[in-house]
Amino acid sequence: LAETLDTPIIGSVDPIPWPCSNQKDDWDRAIDEWNQCTPKAQAAGITLYAHSHWRPWDFMRDSGTKNAKGEYERCSGVRSMEYWLANTDPRWATLELDTYWAYVARDVYKSYTAPDGSTKHDEFDPIATALKYGRRVTFFHAKDGVRAAKPPAGFAGKWVWTVYNTGDMPVEELFQKVMKKNGKGYRPFLHIEQDNAAAGEGHSLAEPFSDPAKSLRDAAADLTGLAAMKPA
């Protein structure tokens with residue numbers, strides 16, 4: 001379908017479907033599936049990308065003995081998404097970095113239980129991650145958030161969505177550093193989204209559309225925020 005529509009890039013929500021396991025066996029299966037897709041993508045000249053919510057940035061459970069459910073409970077210190085990136089084709093299997101969920105991941109994935117049972121600390125850094133993967137980040141899900149005492153129901157971290165480039169997340173700094181490092185000719189695709197644009201609070205799809213026009217006002221404000229970012 002993408003080839004028929006002359007679409008240059010197509011993607012998926014997380015390499016593993018929601019709710020996204022962090023078991024090594026599941027990631028190995030996902031890697032195998034993506035590696036079967038990449039030759040087809042290459043033949044068609046279509047780049048693939050994987051979106052990442054916060055859970056793929058958790059530490060992969062890959063060590064120690066398995067529990068009664070057959071699951072690992074300890075970690076070697078590798079994050080699941082980085083394991084996927086290390087074992088897929090960097091030219092055809094690329095990354096869409098979601099700026100909002102990346103900062104949620106920074107809040108919640110600061111430590112892991114090592115194979116010897118000790119606790120290791122390792123804070124996730126969205127900017128360093130974007131710089132590390134460079135031009136392999138072919139897409140950004142451009143989203144912003146404000147610090148909040150209570151996050152939306154069902155979500156971890158201490159953030160709530162807001163209009164792009166008006167919140168507490170250093171999104172402008174992230175883009176400045178990424179664009180400077182990757183240099184001329186680097187033109188990533190952008191998805192601009194505000195999850196609570198329709199009603200102004202929460203995230204449930206069952207939530208009433210109390211102010212439908214808010215989504216249009218927020219879309220305009222998001223574009224303004226994006227355009228207002230200063231170059232490095």
Side-chain angles (χ1 to χ4, degrees), residues 9 11 13-15 47 49-59 77-86 90 94-112 121-152 155-197 200 203 217-232:
I9 185 168
V13 178
D14 299 330
T47 304
Y49 72 85
H51 179 275
S52 57
H53 285 88
W54 72 104
R55 289 182 178 174
W57 296 116
D58 192 3
F59 298 97
V78 176
R79 296 182 188 273
S80 299
M81 194 69 201
E82 295 203 284
Y83 180 70
W84 180 87
L85 287 161
T94 66
L95 171 65
E96 178 184 42
L97 184 69
D98 186 306
T99 55
Y100 180 90
W101 294 121
Y103 278 95
V104 171
R106 181 172 185 155
D107 272 5
V108 298
Y109 302 131
K110 297 181 178 182
S111 63
Y112 62 92
H121 295 278
D122 182 6
E123 187 173 90
F124 180 65
D125 187 333
I127 293 178
T129 299
L131 294 176
K132 176 180 178 180
Y133 291 104
R135 292 186 175 222
R136 194 172 181 183
V137 185
T138 53
F139 241 119
F140 283 94
H141 208 159
K143 297 159 71 175
D144 203 347
V146 293
R147 277 290 182 184
K150 184 179 180 181
F155 291 146
K158 296 292 184 181
W159 298 96
V160 171
W161 302 281
T162 192
V163 171
Y164 188 76
N165 202 23
T166 65
D168 300 319
M169 292 178 171
V171 291
E172 184 173 66
E173 179 188 358
L174 186 152
F175 275 100
Q176 287 175 341
K177 290 183 175 179
V178 165
M179 298 305 289
K180 182 177 181 179
K181 177 182 184 294
N182 291 333
K184 293 181 179 180
Y186 176 63
R187 296 182 178 88
F189 293 93
L190 296 180
H191 281 144
I192 304 176
E193 179 186 8
Q194 186 181 336
D195 294 57
N196 61 347
H203 73 281
R217 295 195 302 272
D218 284 352
D222 281 330
L223 182 58
T224 298
L226 180 69
M229 289 197 300
K230 301 178 180 63

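Basis for what follows: all heavy atoms, side chains included, without hydrogens, waters or symmetry-related copies.
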If you look at every heavy atom in Tyr103 and Pro170, which pair is closest and at what distance?
OH-CG, 3.1 Å
With Asp144, which residues qualify under side chain to side chain donor-acceptor pair (under 3.5 Å), at least two apart?
none
For Leu97 and Ala102, work out which heavy atoms get closest and say how close.
CD1-CB, 4.2 Å
To the nearest 0.5 Å, what is the distance between CG (Leu190) and CZ (Phe175)?
5.0 Å
Is it true that Asp168 and Lys158 have a side-chain N and a carboxylate O under 4.0 angstrom from each other?
no
Distance from Phe59 atom CZ to Asp122 atom CG, nearest 0.5 Å?
4.5 Å
Return the CG to CG distance between Asp218 and Leu223, rounded to the nearest 0.5 Å.
12.5 Å
Just wondering, do Leu131 and Val178 contact through their side chains at under 4.5 Å, heavy atoms?
yes
Rounded at 0.5 Å granularity, tell me how far CE in Met179 sits from CZ in Arg187.
8.0 Å
Should the ring pair His51 and His141 be called parallel, tilted or perpendicular, given that the plane angle runs from 0 to 90° and is split at 30 and 60?
perpendicular
Would you say the side chain of Ile9 lies within less than 4.5 Å of the side chain of Thr138, judging by non-hydrogen atoms?
yes
Phe139 side chain reached by Asp98 side chain, heavy atoms, under 4.5 Å:
no
Pair Tyr49 + Phe189: ring centers closer than 6.0 Å:
no
Can you list the steps and then say if Asp125 with Lys132 is a salt bridge (charged side-chain N to carboxylate O under 4.0 Å, His left out)?
CA-CA 10 Å; Asp125 187 333; Lys132 176 180 178 180; over 6 Å; no
State the CZ-CD distance between Arg106 and Glu123, to the nearest 0.5 angstrom.
4.5 Å
Residues that Arg135 engages under side chain to side chain donor-acceptor pair (under 3.5 Å), provided they are two or more places apart
none
Kindly say whether Asn165 contributes a backbone atom to a donor-acceptor pair with the side chain of Glu172 at under 3.5 angstrom?
no
Set of salt bridge (charged side-chain N to carboxylate O under 4.0 Å, His left out) partners for Lys181, sequence neighbours left out:
none
Kindly give the heavy-atom pair with the smallest separation between Trp101 and Ser52, and that separation in Å.
CB-O, 4.2 Å
Residues Val160 and Ala148: closest non-hydrogen pair is CG2-CB, 3.5 Å
Hey, what's the ring geometry for Tyr100 with Trp161, parallel, tilted or perpendicular (30° and 60° as the breaks)?
parallel
Would you say that Glu96 contacts Pro188 through its side chain, given a criterion of any heavy-atom pair below 4.5 Å between the two side chains?
no
Are the side chain of Arg136 and the backbone of Leu85 linked by a donor-acceptor contact shorter than 3.5 Å?
yes
Set of residues satisfying side chain to side chain contact (heavy atoms under 4.5 Å, CB included) with respect to Ala50, sequence neighbours excluded:
Pro15, Trp34, Met81, Trp84
Determine yes or no for a side-chain-to-main-chain donor-acceptor pair under 3.5 angstrom, with Asp14 supplying the side chain and Pro56 the backbone.
no
Non-neighbouring partners of Asp222 that pass side chain to side chain contact (heavy atoms under 4.5 Å, CB included), sequence neighbours left out:
Val163, Tyr164, Ile192, Gln194
Whether the side chain of Thr99 engages the backbone of Ala142 through a donor-acceptor N/O pair (distance < 3.5 Å, no angle test) should be reported.
no
Thr129 meets the side chain to side chain contact (heavy atoms under 4.5 Å, CB included) criterion, sequence neighbours left out, with Trp57, Phe124, Tyr133
